[in-house]
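Below: one structure, written as structure tokens.
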Amino acid sequence: MTEHIKLFTPGPGDVDDRVLEALSLPVMRHYGPDWLPVHEEMDALLHKLFQTKNDMYVVPGPASAVLDMAIGSVVEPGKKIIIGTNGYFGTRLIDMAKAHNLQIVLMEAAWGKPLEPDALSALIKENPDAVAFAMVHHETSTTVLNPLKELMAVAHNAGLVTIVDTVSSLGGVDIPVDDWHIDLCICGANKCIEAVPGVAFISVSPHAWQVIDSHPGPGSWYLDLKLWRHYLQEWGSWHPSPVTLPTNVILAAREGIRVILDRGLKEHVARYTRASKAMRAGMESLGFEMLVPETYASPIATAVKARPEFTLDELVKWLMDTHRIAVGGGLGELTGKVIRVGHLGKAAEREYMMDFLFTLEEFLRLKNIPVQSGKWVAGLFVE
Ligand SMILES: *Cc1c(COP(=O)(O)O)cnc(C)c1O
């Protein structure tokens, strides 16, 4: 068995032991009477988690595959999509739209700043022929949480199909998919859902289906929503998916969602809020500066800036070499300029947070930086 590294990365995160136990169950057939009860329970659990009545699909693969599937299934080559981008994962959506030969209208905000609903209104006026609007909710590269409800209201009122990457936010913040008019909502299993990587989830609204049905053909065989609907509808009583499913990974995801719903979705979300407040307060008391102001910082991960006394590479290496602690580095234009600390899974537990902040204090002392010992503890008790 490999040595355990404590994950403070903004995905993947360390998961509950119940989730790991589910992985070691015998392999099942992904069809027939053994699997159908699992399929049905997953479907019910996901509807609760996504707060939606829309169709739900569980697709083997990374979350990116399902984002690719959403964009490629909705917008025909040559047609227009508005893409909101303010970070690394927003750039990914652009690359996906390019791969599908779509006409892209960019709505940009600076990295570290949120997307603006007014900017979206203006772009929609200039582009009445746009079919869809895609965006990232929690831009994990900067830890900015975009104003999803407001942006969805603008896009929905204009009749656009809304495609939202909630890969690192669903489960960690409240996202009422139907109330906020998210036509296609995409999430992976190993961020705030706190299961293991390997499957991703997508909800599809009736409005999205209308547009998908007018798409002349799939841009992919596997990543076509119509294929998945066909299997669910035509084969649902025996074999509800077009491919062999990673049954253990799905059992682990089921367990992860059960853990969340046993705890209560509201409490699961509140746990992230508490953890992020504690971590911000703790790290500020150790002299770190936050990249993102609290008003639009996500409660899922915290980004702190580099400081003059040491390089972040040195800190990251020391955390790993001496304490087996992993944090996230900067991505894209933030490489070397920030580290990102996730509050996913066990990283939100007091024991993990104490360990992390104690270890940071130790590092600062080794660097002869004056620290008030244990001052960060106060942060662990903020409400
Ligand atoms: C992690 C992440 C992804 C990519 O997920 P994969 O499962 O690696 O494909 C996409 N978007 C956001 C916002 C993420 O945080």
Side-chain angles (χ1 to χ4, degrees), residues 7-15 50 57-72 83-97 99 109 111-115 133-148 151 162-173 175 177 182 184-203 220 222-223 246 249-250 252-253 256 272 276 291-292 296-303 326-335 338-345 347:
L7 298 179
F8 289 89
T9 28
D14 273 340
V15 301
F50 278 60
Y57 294 88
V58 177
V59 181
S64 304
V66 182
L67 289 164
D68 196 359
M69 175 190 219
I71 290 174
I83 299 181
T85 171
N86 55 344
Y88 181 85
F89 290 102
T91 312
R92 283 269 182 91
L93 297 181
I94 299 169
D95 291 343
M96 288 173 193
W111 286 41
K113 293 278 185 299
L115 298 172
F133 170 60
M135 62 170 279
V136 177
H137 182 205
H138 171 212
E139 181 44 81
T140 325
S141 63
T142 62
T143 73
V144 166
L145 192 67
N146 284 309
L148 182 58
L151 288 159
T162 55
I163 302 173
V164 184
D165 170 343
T166 64
V167 177
S168 68
S169 54
L170 198 134
V173 289
I175 305 178
V177 167
I182 306 173
L184 296 124
C185 185
I186 295 97
C187 192
N190 186 249
K191 300 258 169 92
C192 308
I193 295 180
E194 302 189 359
V196 300
V199 280
F201 313 109
I202 179 168
S203 67
S220 162
Y222 180 62
L223 296 179
V249 173
I250 293 175
Y272 280 81
S276 68
L291 176 72
V292 176
Y296 48 88
S298 98
I300 294 140
T302 299
V327 294
L331 292 174
E333 62 183 63
L334 290 173
T335 305
V338 296
I339 54 168
R340 296 168 304 133
V341 182
H343 315 305
L344 315 164

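Just so you know, ligand 1 is whichever comes first in the structure, and atom 1 is the first atom listed for that ligand. What's counted below: heavy atoms across the whole structure, side chains too, no hydrogens, waters or symmetry copies.
For Thr143 (side chain) and Thr140 (main-chain N/O), no donor-acceptor pair under 3.5 Å exists by modelled atom type. Looking at Asp14, its side chain never comes within 3.5 Å of a backbone N or O of Ala347 through a donor-acceptor pair. Judged purely by atom type and a 3.5 angstrom limit, Glu139 uses its side chain to pair as donor or acceptor with the backbone of Phe89.
Taking the side chain as every heavy atom from C-beta outward, Ile182 and Ser203 never approach each other to under 4.5 Å.
Few gaps surround OH on Tyr57; more than 12 heavy atoms of other groups in view lie less than 6.0 Å from it.
Atom numbering of ligand 1 starts at 1 in the shown order; those under 4.0 Å from a heavy atom of Ser168 are 13 (C), 15 (O). Using a 4.0 Å cut-off to heavy atoms of His138, the atoms of ligand 1 that qualify are 13 (C). Atoms of ligand 1 found under 4.0 Å from any heavy atom of Val136, numbered from 1 in the order shown, are 13 (C).
Here the shortest heavy-atom distance to atom 15 (O) of ligand 1, taken over Thr140, Thr166, Val66, Asp165, belongs to Thr140.
Geometrically, ligand 1 and Ala63 share a nitrogen or oxygen pair separated by less than 3.5 Å. For ligand 1, the polar-atom distance check finds an N/O of Ser64 within less than 3.5 Å of one of the ligand's N/O atoms.
Looking only at protein heavy atoms, the nearest one to atom 3 (C) of ligand 1 is Phe89 CE2, 3.5 Å.
Scored by the side-chain hydrogen bond (donor to acceptor under 3.5 Å, both in side chains) test, Ser298 finds His138 as partners (sequence neighbours excluded).
Under 4.0 Å from ligand 1, the heavy atoms of Lys191 that appear belong solely to its side chain.
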